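To keep things clear, I will list the structure first and then write my remarks on it.
Numbers for residues simply follow the sequence, beginning at 1. The structure displayed is predicted, hence computed values, not measured ones.
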Amino acid sequence: MSITKAVMDLEVDDDGRIKRTGNMWTATTHIITVVIGAGVLALAWAMAQLGWIAGIFSVVLFASISLFTYNLVADCYRSPDPINGKRNYTYMQAVKVYLGGRMYVICGIFVYAKLAGITVGYTITSSRSLAAIGKTVCFRNKGHQANCTSSYNPYMIGFGIFQLFLSQIPNFHTLTWLSSIAAITSFGYVLIAIGLSFSALISGKGAPTSIFGTKVGPELSAADKIWRTCSSFGNIALACNYATVIYDIMDTLRSTPSESKQMKKANLTGLSTMTIIFLLCSCLGYAAFGDKTPGNIFAGFYEPYWLVAIGEMCIVIHMVGAYQVMAQPFFRIIEIGANIMWSNSNFINKDYQISVYKTTINMNLFRLIWRTIFVIIATVLAMAMPFFNEVLSLLGALGFGPLVVFFPLAEEKSDATSLPEHVLWKAARVGKDGAVIEAVQNVYDECETLSQTLPSTEVQDCRSLLSRVLNVPEYSGCVRDIMHGAIRSVDMDEGVFGIAHSELIAKEDMQQLFEHEELGIAVIHTYIWYMYDTLMRGTELCNRFNFIAVSRINTTFITKNPTSVMNELVDRFMVAGDNTTPSLYFLPFNSGNGGHWVLVAMDLSRLMVYYLDSLPGDWSKYPSMKKTVDAAILKFRSKKNYRNRKDITWVRVQCPQQTIRSIADFLY
């Protein structure tokens with residue numbers, strides 16, 4: 001089976017990843033699943049503080065603001081063009097593309113601060129639900145007049161201990177089953193809350209309500225009224241927020257019709273459904289309890305005890321899974337930063353294998369200690385401020401203002417593609433400390449001066465203006481044409497990769513190269529071709545170094561058909577000659593882990609394979625790649641009737657280490 005047939009069977013999208021099949025309805029489902037959570041439980045209390053008019057208006061207003069800004073965010077999934085541009089896989093990546101590195105760092109601070117803060121809120125929520133289950137059982141056995149109050153602290157400690165064990169799981173994908181169960185239970189307790197409120201209302205047990213909500217009086221001061229009103233806005237804002245996962249949802253959509261068009265429809269459908277559920281939960285809850293509506297709607301119900309207990313247990317299960325959904329990305333960003341800053345530290349990077357009941361567990365000391373400390377701190381903070389509604393409102397304000405309002409509006413106003421190229425040229429040469437060397441500044445100043453003296457028709461040719469100052473040739477305007485939307489084909493003869501083929505270069509490819517973003521296959525191939533054409537062609541280097549096409553050997557193809565990939569490698573080895581003299585075959589390998597690249601260099605005569613990776617670890621992270629490479633080398637030597645005097649040896653080569661002085665350096 002040829003690699004061409006494998007590609008046809010696999011079907012990939014324009015970015016080389018497996019073809020996406022999601023549509024507007026699947027995206028709508030994802031939105032509803034994300035927004036239906038613990039924040040919904042506080043909406044009835046928020047309605048009680050605001051009253052019917054302000055309460056309903058606030059829910060509709062926040063939903064409308066979310067719809068408007070999320071539609072702006074949808075247009076930024078691809079840049080610079082919302083239909084044909086390069087994909088932004090995360091919210092933070094879009095912020096970096098449109099607003100630059102400084103705002104990227106600020107956005108990161110808000111995103112990860114919210115993720116860390118939500119774990120505190122979830123600890124509080126779970127402890128209250130566990131205590132409520134105990135209270136329900138107590139009332140069932142001793143009657144409603146019994147004193148069944150208890151401290152939340154033991155439940156928080158128990159919840160924290162359980163999270164200590166879950167947090168040690170290194171790979172978040174291992175917890176997919178837990179996340180799925182959590183999503184199902186979230187719908188369970190919301191529907192139970194709506195049902196219990198409706199039952200109380202139609203049975204005549206409803207309480208008096210007010211157009212303006214709770215009134216200032218002996219039991220409520222004016223200051224407390226203002227505080228509760230602001231907290232209510234925060235609770236509603238938290239419930240409407242799914243900014244941090246919107247691009248994860250969009251990355252599941254097929255490209256026809258455009259992702260932005262489908263997402264806008266999904267936003268409308270999802271937020272409309274969300275608003276209806278929010279209004280049902282808040283209005284029915286307020287109608288059932290009036291001014292005495294509890295912060296957590298379940299706290300007001302005791303009968304039927306079995307249904308209340310099921311609802312509370314659904315909350316606990318949801319909190320267990322949701323805690324890890326929020327904590328694992330925070331764990332990962334800290335651990336990646338530590339790995340980069342101290343790449344030679346065994347304490348941070350080395351895994352120890354421990355066998356427990358015929359199961360092998362990879363234990364990392366840094367992960368064990370750091371994650372344990374985090375869970376302990378989150379638990380202690382929850383015990384120190386067990387204020388359910390106040391914590392939720394704080395998290396709502398922290399997320400809604402910057403992530404739902406500020407950054408989307410700022411992205412809409414930005415025009416990342418309109419800057420003259422001499423401005424971009426200067427920006428690309430600014431150090432991480434913000435300093436610009438004198439020579440760069442002089443060139444920039446000359447461009448600015450020249451732009452004032454040239455006729456307007458010439459000034460529009462920004463690349464030509466920069467070329468004049470630098471005194472370099474134009475090369476027929478190929479780069480300039482590409483940056484203006486043209487597509488160029490680069491013909492590569494068989495000397496480069498062993499077979500002749502062409503590579504299409506578009507604007508997004510040039511942006512990847514200039515802006516040092518995630519690099520695609522076209523950029524890698526073109527760079528290798530240029531290096532071969534300018535440094536190697538016609539020299540002895542052609543006999544010492546060979547290259548393997550990236551598009552033919554990668555994680556996706558190995559998973560789909562490893563035998564076909566192995567044969568492709570063998571065919572490449574056969575093209576180059578006898579391979580009895582020392583020579584290296586370079587294979588840039590896309591790990592499939594967020595676009596991360598590693599370099600594999602194979603010496604067929606010495607049975608040596610050199611592995612270069614900018615991140616800690618070795619080839620054991622990609623066992624299928626190693627197995628395929630080893631099999632290809634052995635099959636090639638068998639075809640050539642070479643004796644295998646020893647096993648293939650893999651050697652990790654240390655990449656040059658970048659000096660990182662602060663977290664800003666890491667985020668940049």
Side-chain angles (χ1 to χ4, degrees), residues 37-39 41-42 109-135 148-172 174-175 178-179 181-182 185-186 189 231 234-235 238 244 294-296 298-299 312-335 337-338 361 363-399:
L41 301 176
I109 293 172
F110 277 106
V111 168
Y112 290 108
K114 181 188 175 186
L115 292 178
I118 284 180
T119 60
V120 177
Y122 285 169
T123 302
I124 296 172
T125 305
S126 62
S127 67
R128 284 176 170 261
S129 294
L130 289 169
I133 294 174
K135 183 183 290 187
C148 295
T149 58
S150 61
S151 171
Y152 297 136
N153 289 348
Y155 299 105
M156 291 184 184
I157 294 173
F159 183 81
I161 292 174
F162 187 59
Q163 292 298 339
L164 281 179
F165 291 99
L166 287 181
S167 297
Q168 298 308 318
I169 298 177
N171 189 349
F172 178 66
T174 308
L175 297 173
L178 180 60
S179 179
I181 294 175
T185 56
S186 67
Y189 65 72
S231 297
N235 291 153
L238 175 66
T244 53
N296 180 339
F298 267 102
E312 297 284 8
M313 184 54 65
C314 285
I315 295 175
V316 175
I317 295 173
H318 181 216
M319 293 301 100
V320 169
Y323 188 105
Q324 290 300 315
V325 169
M326 298 300 171
Q328 288 283 345
F330 186 73
F331 293 156
R332 182 174 178 271
I333 196 69
I334 297 298
E335 287 160 12
I361 301 174
M363 182 64 67
N364 177 279
L365 291 179
F366 175 71
R367 183 171 65 239
L368 174 65
I369 296 174
W370 138 246
R371 295 189 180 192
T372 300
I373 292 175
F374 174 86
V375 174
I376 291 174
I377 292 176
T379 305
V380 171
L381 287 176
M383 294 169 63
M385 49 180 189
F387 313 112
F388 177 77
N389 296 93
E390 288 77 3
V391 172
L392 292 184
S393 63
L394 175 63
L395 296 173
L398 182 65

Output the distance between atom CZ (R367) and atom CD1 (I334), rounded to the nearest 0.5 Å. 15.0 Å
Inter-residue atom distance M156.CE - Q163.CD, 0.5 Å rounding: 13.5 Å
Begin from the C-alpha positions of I315 and R128 and carry the test side chain to side chain contact (heavy atoms under 4.5 Å, CB included) through to its verdict. CA-CA 10 Å; I315 295 175; R128 284 176 170 261; over 6 Å; no
OG1 of T125 to CG of L130, rounded to nearest 0.5 Å, is 11.0 Å
Gap separating the OG1 atom of T119 from the CZ atom of F374, nearest 0.5 angstrom: 3.5 Å
Do the ring planes of W370 and F331 sit parallel (below 30°), tilted (30 to 60°) or perpendicular (above 60°)? perpendicular
For the CE atom of M313 and the OG atom of S126, what is their distance to the nearest 0.5 Å? 11.0 Å
OG1-CE distance between T185 and M319, expressed to the nearest 0.5 angstrom: 7.5 Å
Work out which heavy atom in Y323 is nearest to a heavy atom in A378; give both atom names and the distance. OH-CB, 3.8 Å
Taking the side chain as everything from C-beta on, heavy atoms only, tell me whether F159 gets closer than 4.5 Å to T379. no
Minimal heavy-atom distance between V375 and S167, with the atoms involved, is CG2-OG, 3.6 Å
T372 meets the side-chain contact (heavy atoms from CB on, under 4.5 Å) criterion, sequence neighbours left out, with L164, Q168, L368, I376
Parallel, tilted or perpendicular, judged at 30° and 60°: which one describes the rings of H318 and Y122? tilted
Side chain to side chain donor-acceptor pair (under 3.5 Å) partners of S127, counting only residues at least two apart: none
